[in-house]
Number of protein chains: 2
Amino acid sequence: MKTDKLARIHVAGWQVGSTEDFLQLSDEEAQLVALKLSLISAVKKSRIKRKLSQIDLAQRMKSSQSRIAKIEAGDPSVSLDLIVRALIASGATTRDIQAAFTAK
Amino acid sequence: MKTDKLARIHVAGWQVGSTEDFLQLSDEEAQLVALKLSLISAVKKSRIKRKLSQIDLAQRMKSSQSRIAKIEAGDPSVSLDLIVRALIASGATTRDIQAAFTAK
DNA sequence: AAATAATATGTCATTATTGACATATTTACA
DNA sequence: TGTAAATATGTCAATAATGACATATTATTT
């Protein structure tokens, strides 16, 4: 994900802004980031719920433990594809995935 | 997306199976494909609804007309990231995106 | 505490995805 | 009909994402 956006100074001053404002993301970028964060959170939740280790999940989706760790750490090298594949492989239902889009 | 899955012969014979069965995708792969298809459909719907040409949408998200065409054509070179970015850039709301996950 | 299991972090060669471009085909409409 | 706008298809050099690996750090169990 690209985060190399130019600053957009917040007129209201030094109130503690949202993460999106602080990092100067456009609305669209902010939406995508929020979506990813939500899905990432769902991955970890689902994995733990099913008592899977990162190695277990990695095997299920033919990835590696380090990739799973990176997914859950929000590493910038991780694609939305991989996040969703992890979510599915972790046993999350369609309903779970859908809920991840709703969740804050 | 990889679709290089070995055949899984359907015991029940030549009933007309689901697309997923026919293409021999694992359940997980089938879920991801279904999700992509749903989102792709949502992109086109949203774009048309807002009366945007593919060129318009491409400019909004700093991509190219040919990429948008490929998104809507379900080209295998298109990532989930790009699809979702297109959906967001087309003006789809969080609610729209969410709905895309529900839709058939 | 020490051993073991789980998770995190860094690197890299291989593979996938990208925007841009040319050009073909289809659609709208004068 | 013809012509312009929109969409589709193919290609490719540049960039991004990948699994695998080594190894560090943190939790858990004995």
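Chain letters run A, B, ... following the sequence lines, proteins first, then strands; residues in each count from 1. These values consider heavy atoms only, across backbone and side chains, with no hydrogens, waters or symmetry-generated copies.
Distance from the side chain of A:R47 is smallest to C:dT7 among C:dT7, C:dT18, D:dA8.
If you take CD of B:E72 and P of D:dT9, they are 12 Å apart, rounded to a whole angstrom. Between the P atom of D:dA6 and the CG atom of B:L52 lies a distance of 11 Å, rounded to the nearest Å. The separation between A:K62 atom NZ and C:dT15 atom P is 17 Å, rounded to whole Å. Put simply, CD1 on A:I48 is 18 Å from P on C:dA5, counting in whole angstrom units. In this structure, CG of B:D75 is placed 9 Å from P of D:dT9, rounded to the nearest angstrom. Rounded to whole angstrom, the span from the CD1 atom of B:I71 across to the P atom of C:dG19 amounts to 8 Å. Whole-Å rounding puts the B:K51 NZ to D:dT7 P distance at 13 Å. Taking atom CG of A:L80 as the reference point, atom P of D:dA17 lies 11 Å away to the nearest angstrom.
Within the 4.5 Å cutoff, the side chain of A:L52 has heavy atoms near those of the A:R60 side chain. At a threshold of 4.5 Å between non-hydrogen side-chain atoms, the residues A:M61 and A:I68 count as touching.
For A:K70 and C:dG10, a side-chain-to-base donor-acceptor distance below 3.5 Å is present, hydrogens and geometry of angles not being considered. Not a single donor-acceptor contact under 3.5 angstrom links the side-chain atoms of B:Q54 to the base of D:dA8. Under 3.5 Å, the side chain of B:Q65 and the base of D:dA8 form at least one donor-acceptor pair of N or O atoms. Between the base of D:dC21 and the side chain of A:S66 there is a donor-acceptor pair shorter than 3.5 Å.
Remark: side-chain polar atoms of A:R47 are not paired, donor with acceptor, to backbone N or O of A:S90 under 3.5 angstrom. Without hydrogens or angle criteria, B:R67 side chain to B:A58 main chain gives no donor-acceptor distance under 3.5 Å.
Residue A:R85 places no side-chain N or O under 4.0 Å from the OP1 or OP2 atom of D:dA17. In this model, the phosphate group of C:dT18 is approached by a side-chain N or O of B:S79 to a distance below 4.0 Å at OP1 or OP2. One finds a side-chain N or O of A:S63 lying less than 4.0 angstrom from the OP1 or OP2 phosphate oxygen of D:dG19. Proximity of A:R67 to the phosphate of C:dG10: no side-chain N or O atom is located under 4.0 Å from OP1 or OP2.
What you find for B:I40 and B:G74 is that their closest heavy atoms are CD1-CA, 3.8 Å.
Mapping B:I55 and A:L82 onto DNA chain D by nearest heavy atom places B:I55 closer to the 5' end of the strand.
Counting any heavy atom pair closer than 4.0 Å across all strands shown, A:S64 reaches a base atom.
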